[in-house]
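Heavy atoms only: backbone and side chains are in, while hydrogens, waters and symmetry mates are out. All residue numbers in this chain count up from 1 along the given sequence.
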Amino acid sequence: MSPLSVMRRVSLGLAAALVVVLVAGLITTVALVRRPLPSLNGEFRVDGLAEQVDVIRDENGIPRIYAHNTDDLFLAQGYVHAQDRFFEMDYRRHLTAGRLSELVGEAAVAPDTVIRTMGWRAVAEEEWEMLDPTVKEYLESYTEGVNAYLQGRQPSQLALEYTVLGFSVEVEDIEPWHPVDSLAWLKAMAWDLLGNYSDELQRAAVFGQTDDLEMVEALFPPHPTDRNLPILPTDAEYEAHAAARETNPDQAADDGEDAEVEDADAGADGAPVRWPNSMPRRRSSSPYRR
């Protein structure tokens, strides 16, 4: 056999082996990616439901849940949430408990230390005991729905992220959901809303050094709600604002609330183009209107 024939056979053998590896890799990748995808069609028997619940998803996959009672509604919501985003839920659960390093490795030890020092999970556990019985019932129904979806499923069947994490850390079995897991995330949301945290620290520092409340109030004056209403004003704030406008009609123009500005460009007929600086305000106890 000539050297050329040997090389040709070797090349063909390597090419065939490469094709087999590529096909096997593609099949494995597709299987790993598709494995955690939930089944969104058909009927499922879920323990805990008192009556039938319909979950209808639109063309974007957004679910609409129709139930005959509130407990079933929250149970179905928990089930659907676990279908769509359980890794995010589990990630947040570990984050608020100061256990993120258990999920993603040593890189999260520092933030875990901070969260445990602040005690988000401990606060949530205390608040659980203070909740209204009806709220507890709804959270328990939601928890029952989450756990109904988790039952019998391995981490790789719940989210692709667990499979990816498995290459670098040991992924343990999923813990059942607990109502406090839902409450604990409210601590993270409250932390995100601390936009004036540095101001509060400065106020405390000034008062600690001067013991003079008037100086603190002068350095950190309250928001002028009589001139600029908050997004959701109280009745007292709204009335004070209205009174201030009646007392000083020019105040609105000074504040730019209903003022108009002229654009440098002219309209089609040569007249100046005017744009209102803000939308008219409406008094409402709700931020949304239908």
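- Separation of the Y79 and Y149 ring centroids falls under the 6.0 Å cut-off.
- Between R116 and G98, the closest heavy-atom pair is NE-O, 2.7 Å.
- There is a path of hydrophobic side-chain contacts, each under 4.5 Å, that joins V114 to L201.
- Of the residues listed (H94, R92, R121), the one engaging D181 in a side chain to side chain donor-acceptor pair (under 3.5 Å) is R121, and it is the only one.
- Follow the hydrophobic side-chain contacts under 4.5 Å out from V169 and you reach I174 in the same cluster.
- Connection of V55 to M89 is established within a shared hydrophobic cluster, with ILVMFWY side chains joined at heavy-atom distances below 4.5 Å, either directly or through further cluster members.
- In this structure, W191 and W120 have tilted ring planes: the angle between them lies in the 30° to 60° band.
- Using a 4.5 Å heavy-atom cutoff, the side chains of E161 and L103 are not in contact.
- Here I65 contributes atom CD1 and R57 contributes atom CZ; the two are 8.5 Å apart, rounded to the nearest 0.5 Å.
- L165 places none of its side-chain heavy atoms less than 4.5 Å from the side chain of P155.
- Separating the CD atom in Q52 from the CZ atom in R45 is a distance of 10.5 Å, to the nearest 0.5 Å.
- Interatomic distance, CG of D58 versus CG of N60, reported as 5.0 Å (0.5 Å rounding).
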Quiz prompt | Chi angles and distances behind the side-chain contact (heavy atoms from CB on, under 4.5 Å) call for R153, L158 | solution = CA-CA 7 Å; R153 287 182 168 87; L158 295 170; 3.7 Å; yes

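- Results of the ring-ring contact (aromatic ring centres under 6.0 Å, His included) test with H81 over F74, F86, Y142 single out Y142 as the only residue that passes.
- The minimum heavy-atom distance linking W128 with K136 is given by the pair O-CE, 2.7 Å.
- Hydrophobic clustering, with ILVMFWY side chains joined whenever heavy atoms are under 4.5 angstrom apart, groups M189 together with L95.
- Side-chain atoms of R93 come within 3.5 Å of backbone N or O of E175 as a donor-acceptor pair.
- Between L183 and L131 the shortest side-chain heavy-atom distance falls below 4.5 Å.
- Scanning all heavy atoms of the two residues, the minimum distance from S101 to A108 falls at N-CB, 3.6 Å.
- Minimum heavy-atom separation, T143 to W177: CG2-O, 3.2 Å.
- Separating the CD1 atom in I115 from the NZ atom in K187 is a distance of 12.5 Å, to the nearest 0.5 Å.
- Aromatic ring pairs are classed by plane angle as parallel below 30°, tilted from 30° to 60° and perpendicular above 60°; the pair Y162 and F87 is perpendicular.
- Closest approach of P230 and E237 over heavy atoms only: CG-OE1, 3.4 Å.
- Within 6.0 Å of CD on E106 lie no more than 12 heavy atoms contributed by other residues, nucleotides or ligands.
- Q209 places none of its side-chain heavy atoms less than 4.5 Å from the side chain of M215.
- Taken from CD in E88 to CH2 in W185, the straight-line distance is 8.0 Å, to the nearest 0.5 Å.
- Between atom CG of residue L219 and atom CD of residue Q202 there is a gap of 10.0 Å, rounded to the nearest 0.5 Å.
- Formation of a donor-acceptor pair under 3.5 Å by the D72 side chain with backbone atoms of A67 is not found in this model.
- Within a 6.0 Å sphere centred on CG of D47, heavy atoms belonging to other residues, nucleotides or ligands number 12 at most.
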(message) Show, in sequence, the C-alpha distance, side-chain angles and deciding distance for E140 and E144, and conclude whether the side-chain contact (heavy atoms from CB on, under 4.5 Å) test is met.
(response) CA-CA 6 Å; E140 288 170 344; E144 193 173 353; over 6 Å; no

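- F207 has its side chain out of reach of D212: every pair of non-hydrogen atoms, C-beta onward, lies at least 4.5 Å apart.
- The backbone N or O of T134 lies less than 3.5 Å from a partner atom in the side chain of D132, making a donor-acceptor pair.
- Hydrophobic clustering, with ILVMFWY side chains joined whenever heavy atoms are under 4.5 angstrom apart, groups V180 together with V135.
- A 6.0 Å sphere centred on CD of Q151 holds no more than 12 heavy atoms belonging to other residues, nucleotides or ligands.
- Contact of the L73 side chain with the H68 side chain is not registered, since no non-hydrogen atoms from C-beta on lie closer than 4.5 Å.
- What you find for V46 and A148 is that their closest heavy atoms are CG1-CB, 3.7 Å.
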